[in-house]
Undergrad: 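Dumping the structure here so I can ask a few things about it.
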Amino acid sequence: MKRTKMCTAAVVAAVAALSLAACGGGAAESPSAAGETSGSATEAVDVSDAETIFKLAFNQTDQHPQYIAAKQLGEDLYEATDGRYAIEVYPNEELGTQSDVVQNLSDGSVEMMYIGGPVLESFNEDFIVFNLPYVFDSPEKQAEVFADEAVTGELFSSLEDSKNISVLAALHAGVRNVYNSKKAIVEPSDLDGLKIRVQQSDSQVAMIEAMGAVASPMGQGEVYSALQTGALDGAENNETVFDALKHDEVAKHYSYTRHLMIPDYLLINAETLAAMPDADREAFLELIPSTVESANAGFIEFAAESRAAAEKLGATFNDDVNVGAFKELVAPLVESSVNNPVRQKLYDAIQAANAS
Ligand code: GCU
């Protein structure tokens with residue numbers, strides 16, 4: 001029980017930081033590079049002699065603000081615990097796809113990871129509400145919902161007993177749009193017959209099919225070669241993945257369907273967290289909000305830089321999209337997914353935030 005309460009407290013603090021960053025406060029006041037929000041950020045600390053090193057799995061590059069923030073978290077943890085704990089971040093899917101790694105996290109062979117929201121649906125389907133298309137009106141509204149512990153507390157601690165997984169924080173992970181190797185997408189009919197990669201969850205498959213495409217769920221690391229060989233026509237993601245994972249080399253038409261704004265979560269194995277001495281665990285949890293703030297602030301800038309870099313490579317960005325038509329097509333999916341009281345409460349909280 002103690003474990004649950006502590007995680008919940010960390011989540012509250014973390015989402016409050018997310019709220020700040022998404023509202024512009026954190027981003028505006030933070031130094032430009034992610035990770036610089038913490039005092040010791042600029043000097044790298046050698047943590048290799050820490051007594052315990054948590055492995056943290058990440059499926060993107062070491063340029064990503066989430067990587068930089070996690071590395072900083074590891075160094076700060078090392079200092080805060082006098083070298084008893086540190087974190088080593090493994091980027092580029094080195095430890096496996098998110099859906100494989102989360103199993104390892106559950107059994108304790110990997111201690112920490114970032115995970116896209118849809119992958120958690122296989123453990124608790126109620127996570128689906130935050131992964132539905134067009135539900136959040138803006139990053140600010142998304143942050144407002146995550147900041148309300150009365151809304152998210154139960155969901156975020158729901159995997160502790162069943163899967164041994166604690167959700168430490170929810171992070172802003174951009175707005176997702178469709179891109180492909182063939183043409184700009186304006187109307188849903190433009191997606192007709194196009195094979196589009198989605199994240200590995202039923203909700204994502206149903207969503208892209210409702211939008212008019214053929215769904216192909218797979219781990220992120222396989223997408224580049226599938227685009228290159230033509231096994232895939234396209235994918236859907238934010239600008240950072242489009243450029244950093246070089247999808248812009250092989251699928252040059254990026255269209256602002258703006259269909260998703262889904263969080264990434266920072267997870268830890270619950271027993272690992274519970275096994276830390278109280279003072280070390282508290283020090284660790286206190287570091288989470290600045291980690292989130294740093295990652296979120298860095299994300300906004302990284303997305304803009306990614307778009308500019310992709311344009312340099314010859315990718316085109318189309319903002320002339322009939323978003324209303326896509327919204328209409330996915331509305332039944334949203335309605336049928338909000339089908340129990342837990343999800344209804346989450347959905348109502350989103351609507352209330354949107355209306356406020
Ligand atoms: C984003 C998100 C990741 C997710 C990825 C994907 O990059 O931040 O968590 O895994 O998209 O589409 O697989």
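Whatever order the structure lists them in is the order used to number ligands and atoms, beginning at 1.
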Undergrad: At what distance is the nearest protein heavy atom to atom 4 (C) of ligand 1, and which residue and atom is it?
TA: Gln199 OE1, 3.6 Å

Undergrad: Where is the nearest protein heavy atom to atom 5 (C) of ligand 1: which residue, which atom, and how far?
TA: Gln220 OE1, 3.0 Å

Undergrad: Looking only at non-hydrogen atoms, which of Arg176, Glu236, Gln98, His64 approaches atom 11 (O) of ligand 1 most closely?
TA: Arg176

Undergrad: Out of Asn124, Leu120, Asp126, which one pairs with Ser158 under the side-chain contact (heavy atoms from CB on, under 4.5 Å) rule?
TA: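 Of Asn124, Leu120, Asp126, side-chain contact (heavy atoms from CB on, under 4.5 Å) with Ser158 is met by Asn124 alone.
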
Undergrad: Looking only at N/O atoms, are Asn238 and ligand 1 under 3.5 Å apart anywhere?
TA: no

Undergrad: How far is atom 2 (C) of ligand 1 from its nearest protein heavy atom, and which residue and atom name does that atom have?
TA: Asp264 OD1, 3.4 Å

Undergrad: Would a 4.5 Å heavy-atom cut-off, applied to side chains only, mark Ile288 and Leu73 as touching?
TA: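 In contact.
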
Undergrad: Salt-bridged, Lys345 to Asp348, with N to O below 4.0 Å?
TA: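 Between Asp348 and Lys345 there is no salt bridge, as every charged N stays at least 4.0 Å from the carboxylate O atoms.
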
Undergrad: Counting N and O atoms only, with roles assigned by atom type, does the side chain of Ser181 sit under 3.5 Å from a partner on the main chain of Ala251, one being a donor and the other an acceptor?
TA: no

Undergrad: Closest non-hydrogen protein atom to atom 10 (O) of ligand 1, residue and atom name please, with distance?
TA: Asn59 ND2, 2.8 Å

Undergrad: For Thr240, which part has a heavy atom under 4.0 Å from ligand 1: side chain, backbone, both, or neither?
TA: neither

Undergrad: With heavy-atom distances below 4.0 Å as the criterion, list the atoms of ligand 1 near Gly116.
TA: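 What qualifies from ligand 1 is 9 (O).
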
Undergrad: Give the residue, atom name and distance (to 0.1 Å) of the protein heavy atom nearest atom 13 (O) of ligand 1.
TA: Arg197 NH2, 2.9 Å

Undergrad: As a quick check of understanding, evaluate ring pair (Phe, Tyr, Trp, His ring centres under 6.0 Å) for Phe54 and Tyr85, giving each step before the final call.
TA: CA-CA 8 Å; Phe54 296 154; Tyr85 291 93; 5.5 Å; yes

Undergrad: Compare all side-chain heavy atoms of Leu171 with those of Gln66 and state whether any distance is below 4.5 angstrom.
TA: yes

Undergrad: Is there a donor-acceptor pair under 3.5 Å between the side chain of Lys163 and the backbone N or O of Phe123?
TA: no

Undergrad: Using a strict cut-off of 4.0 Å, indicate which atoms of ligand 1 neighbour a heavy atom of Gln60.
TA: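 Here the atoms of ligand 1 in question are 2 (C), 3 (C), 7 (O), 8 (O).
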
